[in-house]
Amino acid sequence: MQQDLIARAEAWLAEDPDGDTRAELRRLIDSGDADALAERFSGTLQFGTAGLRGELGAGPMRMNRSVVIRAAAGLAAYLKATGQGGGLVVIGYDARHKSADFARDTAAVMTGAGLRAAVLPRPLPTPLLAFAIRHLGAVAGVEVTASHNPPRDNGYKVYLGDGSQIVPPMDGEIAAGIDAVGPLDSVPRPEDGWEILGEEVPAAYLERTDAVLSPGSPRTARVVHTALHGVGTETLNAAFARAGFPAPVPVAEQAEPDPDFPTVAFPNPEEPGAMDLAFATARRAAPDIVIANDPDADRCAVAVPDADAGSGWRMLRGDEVGALLAAHLVNKGEAGTSGVFAESIVSSSLLGRIAEAAGVGYEETLTGFKWIARVEGLRYGYEEALGYCVDPDGVRDKDGITAALLVAELASELKERGRGLADLLDDLALAHGLHATDQLSVRVKDLSLITRAMDRLRDTPPKALAGLTVTSAEDLSAGASGLPPTDGLRYHLDGAYRARVIVRPSGTEPKLKCYLEAVIPVRTTADLPTARAHATKLLTTLKHDLSQAAGI
């Protein structure tokens with residue numbers, strides 16, 4: 001077995017175009033590190049609807065130049081097979097390790113395959129790539145990013161000409177093209193021939209952000225902003241200046257791109273500790289709100305003042321921001337009677353209540369903006385993981401920059417009336433009931449633990465959770481409510497209160513994710529503290545009971 005591993009590693013080494021990964025692999029072969037070689041050569045990094053994402057390193061189970069060249073060649077073959085062989089492919093990248101190299105390799109492969117390739121001028125937010133595809137009339141786009149994954153990771157996200165991410169069966173057809181790629185030296189990779197774009201695309205994106213805000217709306221909200229060592233600072237600052245907002249106060253330690261993300265364990269605003277420096281800055285600057293982007297700036301997190309929180313600030317859940325933006329669009333009169341609000345099935349059911357009350361169309365999709373962005377007539381879409389699409393005609397994907405602008409506009413309008421975002425959340429609870437959400441997320445090293453948990457829940461579905469009866473149990477792998485099949489389970493519960501639970505493996509990280517929602521009726525403002533206490537207790541018990549049922 002070890003000799004077979006070494007033989008495969010030597011064959012890979014002979015083709016590897018990257019000096020760093022060649023040196024890594026040479027050390028492992030010479031030291032006879034069978035475990036490390038097995039990790040890298042136990043299979044291939046699978047291309048799916050999230051494209052590719054994985055740890056940087058040598059071998060077919062890691063993100064590296066060899067894997068990227070094959071992915072680009074597979075995508076080029078798919079485009080040519082579907083009659084788009086003479087089209088433009090636009091390529092963007094973030095500031096992670098190797099991102100610029102992977103972008104350049106992609107441009108070389110596309111050029112060698114007879115397509116036209118254009119690369120964004122520097123590391124920029126992912127939404128600019130999604131915008132550029134439609135703005136430039138491209139047939140496809142590639143973004144090199146691992147979003148909010150740890151520093152050791154990178155990824156490869158593919159969009160087609162409508163500006164939205166790929167969905168089945170496109171992913172399978174591209175994966176087949178990747179599998180059909182021969183030796184790397186059979187893939188033409190010229191030294192030049194592609195275009196490096198200038199500032200016209202970033203400028204056009206910023207001009208498009210004008211469409212997000214209402215003419216003459218208040219622009220007074222003061223914001224502390226963190227880019228979490230990513231690429232969001234420059235674009236967000238430019239968008240805020242163009243709109244006439246006060247300049248955001250930066251979290252200085254995290255404002256510039258740094259692929260090592262030195263101040264955070266995970267560069268994700270949802271992770272414990274990630275917002276500590278932002279809150280420290282906010283205590284000094286006393287802004288109206290705090291806004292955070294993830295490293296590629298397609299997500300937007302928001303925090304509000306809270307005297308009861310130890311930091312003085314409370315992070316809003318993605319579901320809370322999603323409801324606030326929906327209510328703001330309704331109040332602005334921009335939802336229209338033909339527009340549709342959409343969300344993924346793991347997001348709060350409150351959006352459906354808001355849409356129904358406003359006479360706006362509503363649709364649920366599978367998890368991910370690859371599905372949300374494809375909803376016909378989409379006016380607004382969101383997902384609980386801090387993703388918001390507020391201008392689908394401009395960016396048909398989640399966009400942390402335009403979402404930040406809309407949040408700042410809402411905060412400004414409320415500020416003029418002596419109110420804040422938390423007050424509007426109270427209004428929504430009074431109108432529709434308190435929709436409280438939480439998440440149980442279990443990170444694993446052994447992916448079989450996730451499979452076992454899902455099998456256990458399928459074999460022995462719970463009859464009750466947190467004292468509430470499970471009134472329906474849906475296996476989403478069989479398809480449900482007209483949705484395509486996906487690996488997930490959905491439970492509806494009823495009793496003293498209503499609740500909902502969805503369990504699914506993460507599509508981008510080694511996690512089992514459980515999404516919880518409790519709906520508590522509220523009659524008056526005085527009832528809100530009690531309702532929140534009931535919701536907290538119920539969600540805590542749900543997490544405990546679900547963990548027991550899944551064996552995690």
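Bear in mind that the values here come from a model prediction, so they are computed numbers and not experimental data.
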T486 side chain to G488 backbone, donor-acceptor under 3.5 Å: no
Closest approach of A282 to V290 (non-hydrogen atoms, all atoms of both residues): CB-CG2, 3.7 Å
Nearest non-hydrogen partners of T233 and A227, listed with the distance: OG1-CB, 3.2 Å
Note: E320-R314 ion pair, threshold 4.0 Å (strictly below): yes
Distance-only polar pair, side chains of D319 and T437, donor-acceptor under 3.5 Å: yes
From NE2 (H148) to CG (N268), nearest 0.5 Å: 4.5 Å
Exam field: side chain S477 to backbone D487, donor-acceptor pair closer than 3.5 Å: no
Plane angle bin for Y382 and Y388 - parallel if under 30°, tilted between 30 and 60°, otherwise perpendicular: parallel
Derivation of the side chain to side chain contact (heavy atoms under 4.5 Å, CB included) call for I174 and F47: CA-CA 8 Å; I174 296 170; F47 185 93; 3.6 Å; yes
S344 OG to F369 CZ distance, which is reported to the nearest 0.5 Å: 8.0 Å
Note, S412 side chain near F245 side chain (heavy atom, < 4.5 Å): yes
Backbone of A130 reached by a side-chain donor or acceptor of R134 within 3.5 Å: no
Approximate separation, where rounding is to 0.5 Å, of L410 CG and L405 CG: 12.5 Å
Non-hydrogen side-chain atoms of L316 and L421 separated by less than 4.5 Å: yes
Expected output: side-chain N293 to main-chain G232 donor-acceptor under 3.5 Å: no
Pairwise side-chain contact, R96 with N149, heavy-atom cut-off 4.5 Å (strictly under): yes
Summary of salt bridge (Lys or Arg N to Asp or Glu O under 4.0 Å) pairs that have at least one residue in residues 510-527, sequence neighbours excluded: E271-K511, R500-E517, E509-K511
Test of ring centre spacing under 6.0 Å for F341 and Y362: no
Check: E334 main-chain N/O paired with R379 side-chain donor or acceptor under 3.5 Å: yes
Within-4.5 Å side-chain heavy-atom neighbours: L351 and H435: no
Distance-only check: which donor-acceptor pairs under 3.5 Å involve side-chain atoms of residues 530-537, not counting sequence neighbours?
from, atom 1, to, atom 2, distance (Å)
R532, NH2, D426, OD1, 2.6
T536, OG1, R532, O, 3.0

Reported CG-to-OG1 distance for the pair L75 and T106, which is rounded to 0.5 angstrom: 8.5 Å
Any donor-acceptor pair under 3.5 Å from N331 side chain to A327 backbone: yes
L79 backbone acceptor or donor facing T82 side chain under 3.5 Å: yes
Minimum side-chain heavy-atom gap F240-N237 below 4.5 Å: no
Interatomic spacing from CG in L129 to CG in D397 - rounded to 0.5 Å: 9.5 Å
Qualifying residue, where the test is side chain to side chain contact (heavy atoms under 4.5 Å, CB included) with L440 and the options are L512, L542, I552: I552
Pairs involving residues 380-395, ordered by first then second residue, that meet salt bridge (Lys or Arg N to Asp or Glu O under 4.0 Å) (sequence neighbours left out): R208-D391
Closest approach of C514 to L546 (non-hydrogen atoms, all atoms of both residues): CB-CD2, 3.5 Å
Salt-bridge criterion met for R53 and D153 (N-O under 4.0 Å): no
Any side-chain heavy-atom pair of L538 and L468 under 4.5 Å: yes
Backbone N/O of T471 and side chain of T469: donor-acceptor pair under 3.5 Å: no
Heavy-atom pair with the smallest gap, counting every atom of L324 and L428: N-CD1, 4.4 Å
D545 side chain vs A466 backbone, donor-acceptor pair below 3.5 Å: yes
Over all atoms of both residues, closest heavy-atom pair of A301 and L386: CB-CD1, 3.8 Å
Pair listing, salt bridge (Lys or Arg N to Asp or Glu O under 4.0 Å) test, anchored in residues 349-368, at least two apart: E364-R490
Qualifying salt bridge (Lys or Arg N to Asp or Glu O under 4.0 Å) pairs with a residue from residues 209-226, counting only residues at least two apart or across chains: D210-R242
Between R396 and Y159, a side-chain donor and acceptor under 3.5 Å: no
Basic-acidic side-chain contact under 4.0 Å: D438, K543: yes
Side-chain heavy atoms of V142 within contact of Y156, under 4.5 Å: yes
Atom pair OG1/CG of T145 and L124 - distance to nearest 0.5 Å: 12.0 Å
Evaluation steps, salt bridge (Lys or Arg N to Asp or Glu O under 4.0 Å), between K332 and E409: CA-CA 11 Å; K332 280 159 59 106; E409 180 184 58; 2.7 Å; yes
Heavy-atom check, side chain of T126 versus side chain of D94, under 4.5 Å: no
Residues that A138 engages under side-chain contact (heavy atoms from CB on, under 4.5 Å), provided they are two or more places apart: L88, V90, I133
Nearest heavy-atom neighbours spanning A411 and I289: CB-CD1, 4.1 Å
